[in-house]
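Owing to the predicted nature of the structure, the values given are computational and were not obtained by experimental measurement. Letters go in sequence order (proteins before strands), and every chain restarts at 1.
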Number of protein chains: 2
Amino acid sequence: MAIRTDALTRREQILKEAARLFAERGFHGVGVDEIGAAVGISGPGLYRHFAGKDAMLAELLVGISEQLLTGGKRRAAEAAGNPEAVLDSLVEGHIDFALDDRPLITLHDRELDRLRDSDRKLVRQLQRQYVELWVEVVREVYPDLAEPGARAAVHAVFGLLNSTPHLGRPGSLPGRAGTAALLHRMARGAFEAAAVSAPG
Amino acid sequence: MAIRTDALTRREQILKEAARLFAERGFHGVGVDEIGAAVGISGPGLYRHFAGKDAMLAELLVGISEQLLTGGKRRAAEAAGNPEAVLDSLVEGHIDFALDDRPLITLHDRELDRLRDSDRKLVRQLQRQYVELWVEVVREVYPDLAEPGARAAVHAVFGLLNSTPHLGRPGSLPGRAGTAALLHRMARGAFEAAAVSAPG
DNA sequence: TCACTTTGTTAATGAGCGTTAACCGTTTCC
DNA sequence: GGAAACGGTTAACGCTCATTAACAAAGTGA
């Protein structure tokens, strides 16, 4: 079992292209022939690597959810004891993910309902844990914010951070670093405002 | 030609149910038989009211975009001369729309690519004008914010406001009014933070 | 060398689905 | 009162598309 360092496995190529295509035209809008063509093989050749089209989507969504959750947990552990730092780190991590893997972030909340029941349950559970991680930290940083309000605020900030796919590609932004900084400031500002005179 | 006051036209029933179904399972994930069943007729009966499935989606998306734009223009005119008030009114209008027409807000940025070229161009143009309306007002309220940053901030706030579909239905929120107020505060807080030491 | 695995290929299958055809009862209106 | 318009119905068509079958070529290892 050789250790890969640079090149992508065929499986990984397929997943990457499938993610891009699914994000662009939706799960049902993309044919297997198209996915195959994107990696240089054609149509049914994909079935040597995946059980079916559904399996590709499942692996993508489970992978995303796991990556977000484990990354979030790691960051929470690294800055444990300093809620402000944890929140900043969570925001930073989510922004990195949103900026570096736009197709995946799009899929993440768009195509969940196309999964088999078991896969969907798994993804939802992972997502729930990720949200919970954020909610706990947010409530430590902003004790005035009650739990329902904190939960809603977290979802709203996810919406804010996940808006990057809608930001036109070309030089309309001050570069990656500037965009990341802008989103970070906005996220923190949104939380701050959520906590002011919080009734919920 | 009688004037309707309360009941929905068959056409309107169909559009409403189609919007809900499209939002739930995606355009390609819903069959015409299903849409028909949702309004009590079956399958091909829809073709007495629409040229095809595409036409329903087109009418929905164009309608949404027009509604948002005309509503925004009206609000901008009503509070003209007072940028703060205009921005608050725009935020309020967008929140009302997001809370009252969740399916539509979901469709709005999800299924645009399924449209015929001409329809897609029209929708995009309407969306662009709506964004422009916001950008102008935001720049009046926060003169420190340069245009690219303002544009990105507006998109991000749209993402924040459009997050309502992800907020679980039951009593997890402090009611409609509370949710609206929370989102409003967060949107303003996000803009405020975007403008602080704005490099872009 | 020869069997086996791996990774493709093209052709066939079969289901699902948008759309059209053909037909029918009811309203509306001259 | 009769004819068109309206708004349905079911059956059939045709296309797309995921999946499977059947087959082949290249590597791999005993």
Short side-chain N/O contact from B:His28 to OP1 or OP2 of C:dC17, under 4.0 Å: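 For C:dC17, OP1/OP2 do not have a side-chain N/O of B:His28 under 4.0 Å.
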Under 4.0 angstrom between A:Arg10 side-chain N/O and C:dT6 OP1 or OP2: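 For A:Arg10, the contact criterion (side-chain N or O under 4.0 Å from OP1 or OP2 of C:dT6) is not met.
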For the pair made of [atom1] in [X] and [atom2] in [N], what is the distance, rounded to whole Å?
X       : N      : atom1 : atom2 : answer
A:Phe27 : D:dA18 : CZ    : P     : 8 Å
B:Ile41 : D:dG7  : CD1   : C1'   : 8 Å
A:Phe22 : D:dA18 : CZ    : C1'   : 12 Å
A:Phe50 : D:dT20 : CZ    : P     : 16 Å
A:Ile14 : C:dG8  : CD1   : P     : 7 Å
A:Lys53 : D:dT16 : NZ    : C1'   : 11 Å
A:Leu46 : D:dT20 : CG    : C1'   : 14 Å
B:Met56 : C:dG18 : CE    : C1'   : 10 Å

May I ask you to say what [X] touches in the nucleic acid, namely base, sugar-phosphate or nothing, with a heavy-atom cut-off under 4.0 Å?
X       : value
A:Gly43 : nothing
B:Val39 : nothing
B:Gly45 : base

Closest listed nucleotide, where the reference is the side chain of [X] and the choices are [options]:
X       : options               : answer
B:Pro44 : C:dT9, D:dG7, D:dT10  : D:dT10
B:Arg48 : C:dT7, C:dC23, C:dT20 : C:dC23
B:Val32 : C:dG18, D:dG8, C:dT9  : C:dG18

Distance-only polar pair, side chains of A:Arg116 and A:Ser118, donor-acceptor under 3.5 Å: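 Present: a donor and an acceptor within the cut-off.
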Passing option when A:Glu132 is tested against A:Lys73, A:Arg139, A:Arg151 for salt bridge (Lys or Arg N to Asp or Glu O under 4.0 Å):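 So, applying the salt bridge (Lys or Arg N to Asp or Glu O under 4.0 Å) to A:Glu132 and each of A:Lys73, A:Arg139, A:Arg151, only A:Arg151 qualifies.
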Interatomic distance, B:Leu68 atom CG to B:Ile105 atom CD1 [nearest 0.5 angstrom]: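 Going from the CG atom of B:Leu68 to the CD1 atom of B:Ile105 covers 5.5 Å.
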Flag, side chain of A:Ser89 to backbone of A:Ala85, donor-acceptor distance under 3.5 Å: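 Side chain of A:Ser89 to backbone of A:Ala85, a donor-acceptor pair under 3.5 Å: no, none is there.
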Donor-acceptor contact below 3.5 Å, side chain B:Arg185 vs main chain A:Val196: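 Side chain of B:Arg185 to backbone of A:Val196, a donor-acceptor pair under 3.5 Å: yes, one is there.
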